Amino acid sequence: MSLIHQIALTLIHNVGHVTAKSLLAEFGTPEAVFSASREQLLGIEGIGTVTADRILHTDALARAEEQLKFLKKHHIEVLFYTAERYPQRLKSCYDAPVLLYYRGTADLNHPRIVSIVGTRMASPYGLMICEQLAETLQHYNVLVVSGLAYGIDVAAHRQSLQFDIPTVGILGHGLDRLYPSVHTQIAGKMLKNGGLLTEFPPYTNVDKENFPRRNRIIAGIADVTIVVEAALKGGALITAEIANSYNRDVFAFPGRTTDRYSEGCNFLIKTNRAGLLSHARDLVYYMGWEAAASAGDGQQTTLAIALSAPETAIMAILRLGPLRIDELAVKAGIQQSKLPIHLLNLEIKGMIMTRPGNVYQAV
């Protein structure tokens with residue numbers, strides 16, 4: 001597919017990502033969209049006369065050609081929705097961008113991706129949590145994502161670099177600039193071990209309405225979103241809500257009830273919008289992650305663990321995927337009142353773990 005046509009599809013005035021994907025579903029390629037007749041365009045559900053005329057009379061192709069010169073000069077990678085390197089977790093979200101612009105070395109389909117968000121007014125407590133998270137996660141082969149804003153965001157990036165964790169900043173503007181400019185130095189380091197990602201083409205202004213859009217990428221690209229510190233209103237809570245709407249795991253660190261920038265975290269936990277983390281190790285436990293083997297590790301010997309007949313049946317079921325205790329009782333044919341003792345034994349043996357919502361999964 002033509003790169004110019006891919007870029008141009010996102011530059012048509014008032015044609016958003018959902019409409020662009022409808023056009024692609026109908027015509028197959030961006031080139032075919034620009035070759036379509038007015039009658040063909042009007043035959044698509046949701047495409048009216050105004051949108052059809054905008055597609056037919058747009059200057060998007062000429063603007064895309066100019067942009068491509070900039071992208072090539074600055075070694076910016078264009079990731080179209082159908083590309084293999086496009087982040088697949090994000091692709092599963094209904095409002096995923098059709099096109100992304102990327103500079104960096106990190107794999108956006110990394111096996112484990114964690115988004116860390118929070119207030120721009122980070123306290124020493126929040127900064128300590130960011131350090132604790134990075135120190136713990138360095139052993140678990142993760143990629144850390146945040147928004148490169150003041151406060152918790154930049155602390156998450158900085159601590160990730162400190163512990164040699166790849167980290168990607170999601171921007172609310174084009175890659176021709178960096179906002180806030182004070183983070184230019186750390187952004188340069190991230191390009192060597194991580195990267196910078198945006199849906200916004202070069203020369204896009206730093207407008208406040210861009211940042212809620214940016215937040216959906218932070219939520220959608222990751223397996224789990226962690227809110228470190230947040231007030232009751234702000235971008236961190238928006239990101240958490242979006243992550244919940246995508247059916248992603250969300251966790252938060254609680255704080256004192258008198259602390260303004262813990263009110264948001266406490267609210268998320270109180271309303272069951274986020275699981276509670278008291279330490280970074282809790283995240284590893286809830287996600288069921290094993291530490292990545294170091295280069296010097298030899299082959300480990302697996303010891304057989306004796307299981308009772310009910311425990312064997314439970315493990316056979318949980319290896320197929322996590323289940324709530326009521327679902328597990330039905331599938332295992334065990335009375336729900338008798339199930340907890342078997343689950344406790346399996347947890348003591350390190351065979352299973354509990355997740356929020358009374359959900360059990362094999363380790």
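What's counted below: heavy atoms across the whole structure, side chains too, no hydrogens, waters or symmetry copies. Just so you know, these numbers come straight off a predicted model, no measurement behind them.
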Answer yes or no: is there a donor N or O on one side and an acceptor on the other, between the side chain of S35 and the main chain of A32, under 3.5 Å? no
Transitive ILVMFWY side-chain link V227 to I269, under 4.5 Å: no
Return yes if some donor-acceptor pair links the side-chain N/O of N266 with the main-chain N/O of E263 below 3.5 Å, else return no. no
Under 4.0 Å between a side-chain nitrogen and a carboxylate oxygen: does that hold for D223 and R89? yes
Do side-chain atoms of R112 reach the backbone of Y140 as a donor and acceptor pair under 3.5 angstrom? yes
Polar side-chain atom of S123 near backbone of G126 as donor-acceptor pair, under 3.5 Å: yes
Can any side-chain N or O of S22 pair as donor or acceptor with the backbone N or O of V18 at less than 3.5 Å? yes
Closest heavy-atom pair and its distance - S115, A222: OG-CB, 3.1 Å
Flag, side chain of N109 to backbone of Q88, donor-acceptor distance under 3.5 Å: yes
Taking D153 for its side chain and G169 for its backbone only, find out whether a donor-acceptor pair lies under 3.5 Å. no
Listed by chain and number, what are the side chain to side chain donor-acceptor pair (under 3.5 Å) partners of R120, not counting sequence neighbours? none
Just by distance, no angles: are the side chains of Y246 and D95 close enough, under 3.5 Å, to form a donor-acceptor pair? yes
Rounded distance (nearest 0.5 Å) linking atom NE2 of H139 with atom CD1 of I165: 9.0 Å
Specify the closest pair of heavy atoms between Y94 and K21, including all atoms of both residues, with the distance to one decimal. O-NZ, 3.0 Å
Solution key, residues 312-328 side-chain donor-acceptor pairs under 3.5 Å, sequence neighbours excluded:
from	atom 1	to	atom 2	distance (Å)
T312	OG1	S308	O	2.9
R324	NE	D326	OD1	3.3
E327	OE1	R324	N	3.1

Under the 3.5 angstrom rule, does the side chain of R355 hit a backbone N or O of Q361 as a donor-acceptor pair? no
Neighbour count >12 (heavy atoms, 6.0 Å) for atom CD, E39: no
For the ring-ring contact (aromatic ring centres under 6.0 Å, His included) test, which of F80, F34, F27 pairs with H5? F34
Report the distance from atom CD1 of I217 to atom OG1 of T239, rounding to the nearest 0.5 Å. 11.0 Å
For the residue pair T271 / R273, report whether a side-chain donor-acceptor contact shorter than 3.5 Å exists. yes
For the pair H157 (side chain) and L148 (backbone), establish whether a donor and an acceptor sit closer than 3.5 Å, ignoring hydrogens and angles. yes
Looking only at heavy atoms, which two atoms of L178 and H173 are closest? And how far apart? CA-CE1, 3.6 Å
Any chance you could measure L9, atom CG, to H17, atom NE2, to the nearest 0.5 Å? 10.0 Å
Give the minimum heavy-atom separation between A106 and P166, together with the two atoms involved. CB-CB, 4.5 Å
Heavy-atom donor-acceptor pair, T198 side chain to Y101 backbone, under 3.5 Å: no
Is the closest basic N to carboxylate O distance between D53 and R38 below 4.0 Å? yes
Please name the residue in the list I170, T10, L197 that meets the side-chain contact (heavy atoms from CB on, under 4.5 Å) test with L100. L197
To check you understand the geometry: which heavy-atom pair defines the closest contact between G172 and N210, and what is its length? O-ND2, 3.0 Å
Would you please classify the geometry between the Y286 ring and the F251 ring as parallel, tilted or perpendicular, with 30° and 60° separating the classes? parallel
Report the distance from atom CD1 of I113 to atom CG of D107, rounding to the nearest 0.5 Å. 7.5 Å
Go through I7 and L71 one step at a time and tell me if the side-chain contact (heavy atoms from CB on, under 4.5 Å) criterion holds. CA-CA 11 Å; I7 297 170; L71 298 171; 3.7 Å; yes
Kindly determine whether L108 and R85 satisfy side-chain contact (heavy atoms from CB on, under 4.5 Å), including the steps that lead there. CA-CA 7 Å; L108 300 177; R85 281 174 52 78; over 6 Å; no
Nearest heavy atoms of C265 and V228, plus distance in Å: SG-O, 3.5 Å
Is it the case that the ring center of Y125 lies less than 6.0 angstrom away from the ring center of F253? no
If hydrophobic clusters are built by linking Ile, Leu, Val, Met, Phe, Trp and Tyr wherever their side-chain heavy atoms come under 4.5 Å apart, do V145 and Y150 end up in the same one? no
Return the OG1 to CD distance between T82 and Q6, rounded to the nearest 0.5 Å. 6.0 Å
Which value, rounded to the nearest 0.5 Å, describes the distance between S160 atom OG and K189 atom NZ? 13.0 Å
In the hydrophobic cluster built from side-chain contacts under 4.5 Å, what are the other members alongside Y261? M121
